[in-house]
Amino acid sequence: MSNDTQHPGIDSLWGVVQRIAAAGALAALSPALGVIAIAIKLESKGPVVFRQKRPGQGGRTIEALKFRSMRVGSEAKTKLGVAVGDPRITKVGRFLRATKLDELPQLWNIVRGDMRFVGPRPIPFALDEELRNKIPGFEQRYAVEPGLTSLAQVCVVDNGLDDRLVEDWSLRFEAERRYIRNRCVVYDLIVIGLTSLYVARKVVAR
C-alpha cells in the first residue's frame with residue numbers, strides 16, 4: 001500500500017476534508033445525539049459529555065470528548081482501562097460502549113483539528129505513562145493525530161487489564177505502527193467502512 005503522507009499537500013487536504021465531513025456528520029446525527037443525551041440524563045446524574053485531557057499528536061494535550069458511560073467520578077479508579085462488565089458502567093453506557101456510540105462526541109475533536117477519523121486512539125495520561133515504561137517505542141504512536149477509530153476498535157471487544165494490559169497493548173501498538181507506516185486515504189476509507197459496518201451490526205443486534 002502506498003504511503004501518500006509523504007506528500008504534505010495531500011495529507012493537509014485530506015485533513016480538511018475530514019473536518020468538513022465531521023461537521024456534516026454532527027449535523028446529520030444531531031437527532032440521534034439528542035436522544036442519547038436525554039437517555040444519559042434520565043438514567044444518572046452528571047454531565048452528558050465526559051471530558052478528559054489526553055496526549056495527542058506530538059504529545060500535546062487535547063481534551064477528548066465522549067458520551068458519559070459511567071457514574072460520575074469512576075474515572076479516578078479506571079485510569080488503566082475498563083472491563084466490559086464493570087459495575088460502574090451505567091445501563092445506557094453499556095449500550096453506548098458496546099456499539100461504540102460513546103465516541104461520537106469526538107467528531108467535534110475532528111472538527112477542531114485535534115483528531116482525525118482514523119489513527120491511534122487517544123488514551124489517558126496515566127495509561128500512556130504505564131505503557132511508555134513497558135512497551136519500547138510506544139511514543140511513536142504520537143507521530144500522527146489520534147483517531148476516532150482504528151482497526152483495534154472493531155477487532156477488540158474488551159480491554160486487556162491487569163496481567164493482560166501490556167500484552168493487549170503490544171498487539172494494538174503493532175497495528176498502530178503498521179497504520180502509521182502505511183496510512184493513506186484508501187487505508188482510512190477502508191477502516192472507516194469497517195467501523196461503520198461494525199457499529200450498524202451492533203446497533204441492530206441490540
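When all heavy atoms are compared, the tightest approach of Thr195 to Thr149 is OG1-OG1, 2.8 Å. What you find for Arg54 and Ala64 is that their closest heavy atoms are CD-CB, 3.8 Å. The two atoms that bring Val111 and Ala23 nearest to each other are CG2-N, 3.5 Å, heavy atoms only. Taking each heavy atom of Gln106 and Gly147 in turn, the nearest pair found is OE1-O, 4.5 Å. The minimum heavy-atom distance linking Gly119 with Ser150 is given by the pair O-CB, 3.6 Å. Here the shortest heavy-atom pairing between Pro120 and Arg141 reads CG-O, 3.5 Å.
A 4.5 Å side-chain heavy-atom check between Lys202 and Lys100 finds every atom pair outside the cut-off. For the pair Pro47 and Val49, the minimum side-chain heavy-atom distance is 4.5 Å or more. Side-chain contact check for Phe67 versus Leu104: some heavy-atom pair is nearer than 4.5 Å. When side chains are defined from C-beta on, Ile62 counts as touching Pro146, because their heavy atoms get closer than 4.5 Å. Looking at Met115 and Glu145, their side chains never come closer than 4.5 Å, going by heavy atoms from C-beta outward.
Phe50 and Leu127 fall into different hydrophobic clusters, where Ile, Leu, Val, Met, Phe, Trp and Tyr residues are linked whenever their side-chain heavy atoms come under 4.5 Å apart, directly or through other members. The hydrophobic cluster containing Ile10 does not contain Ile20, counting ILVMFWY residues as joined when their side-chain heavy atoms lie under 4.5 angstrom apart, directly or transitively. Linking Ile, Leu, Val, Met, Phe, Trp and Tyr residues whenever their side-chain heavy atoms come within less than 4.5 Å leaves Leu197 and Ile192 in two separate clusters. In the hydrophobic clustering of this structure, Ile190 groups with Val199; members are Ile, Leu, Val, Met, Phe, Trp, Tyr whose side-chain heavy atoms approach within less than 4.5 Å, directly or through other members.
Of the possible donor and acceptor atoms, one in the side chain of Asn182 sits under 3.5 Å from a partner among the backbone N and O of Arg178. Side-chain N or O atoms of Asn133 include one that pairs as donor or acceptor with a backbone N or O of Glu129 at under 3.5 Å. Using a distance-only test at 3.5 Å, with no hydrogens or angles considered, no donor-acceptor pair links the side chain of Gln140 to the main chain of Arg177.
Under a 4.0 Å N-O distance rule, the pair Arg116/Asp188 does not qualify as a salt bridge. Between Arg121 and Glu176 there is no salt bridge, since no side-chain nitrogen of the basic residue lies less than 4.0 Å from a carboxylate oxygen of the acidic one. Ion pairing between a basic and an acidic side chain is recognised when a charged N comes within 4.0 Å of a carboxylate O; Arg68 and Asp102 show no such pairing.
The distance from the CD1 atom of Ile40 to the CG atom of Leu96 is 5.5 Å, given to the nearest 0.5 Å. Atom CG of Asp86 sits about 5.0 Å away from atom CD1 of Ile89, to the nearest 0.5 Å. Atom CD of Glu103 is separated from atom OG of Ser69 by 8.5 Å, given to the nearest 0.5 angstrom. Interatomic distance, Gln18 CD to Leu107 CG, rounded to the nearest 0.5 Å: 11.0 Å. Atom CD of residue Gln52 and atom CD1 of residue Ile123 lie 10.5 Å apart, to the nearest 0.5 angstrom. Residue Leu101 holds its CG atom at 12.0 Å from NZ of Lys66, rounded to the nearest 0.5 Å.
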Inset, instruction - Show your reasoning for whether side chain to side chain contact (heavy atoms under 4.5 Å, CB included) applies to Tyr179 and Val118. - result: CA-CA 9 Å; Tyr179 168 75; Val118 182; 3.6 Å; yes
Inset, instruction - Kindly indicate, with the supporting measurements, whether the criterion side chain to side chain contact (heavy atoms under 4.5 Å, CB included) is fulfilled by Val166 and Ile135. - result: CA-CA 7 Å; Val166 175; Ile135 300 178; 4.1 Å; yes
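The stretch residues 101-153 participates, sequence neighbours left out, in these ring-ring contact (aromatic ring centres under 6.0 Å, His included) pairs: Phe138-Phe173.
Residues passing the salt bridge (Lys or Arg N to Asp or Glu O under 4.0 Å) test with Asp128, sequence neighbours excluded: Arg132. Residues forming a ring-ring contact (aromatic ring centres under 6.0 Å, His included) with Phe95 (at least two apart in sequence, or on another chain): none. Considering only residues two or more places apart in sequence or on other chains, Thr90 meets the side-chain contact (heavy atoms from CB on, under 4.5 Å) condition with Glu43, Ser44, Arg71, Val92. Under the side-chain hydrogen bond (donor to acceptor under 3.5 Å, both in side chains) criterion, Lys134 pairs with Glu130, sequence neighbours left out.
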Expected list for residues 28-39: side-chain donor-acceptor pairs under 3.5 angstrom, two or more places apart:
from, atom 1, to, atom 2, distance (Å)
Ser30, OG, Ala27, O, 2.8

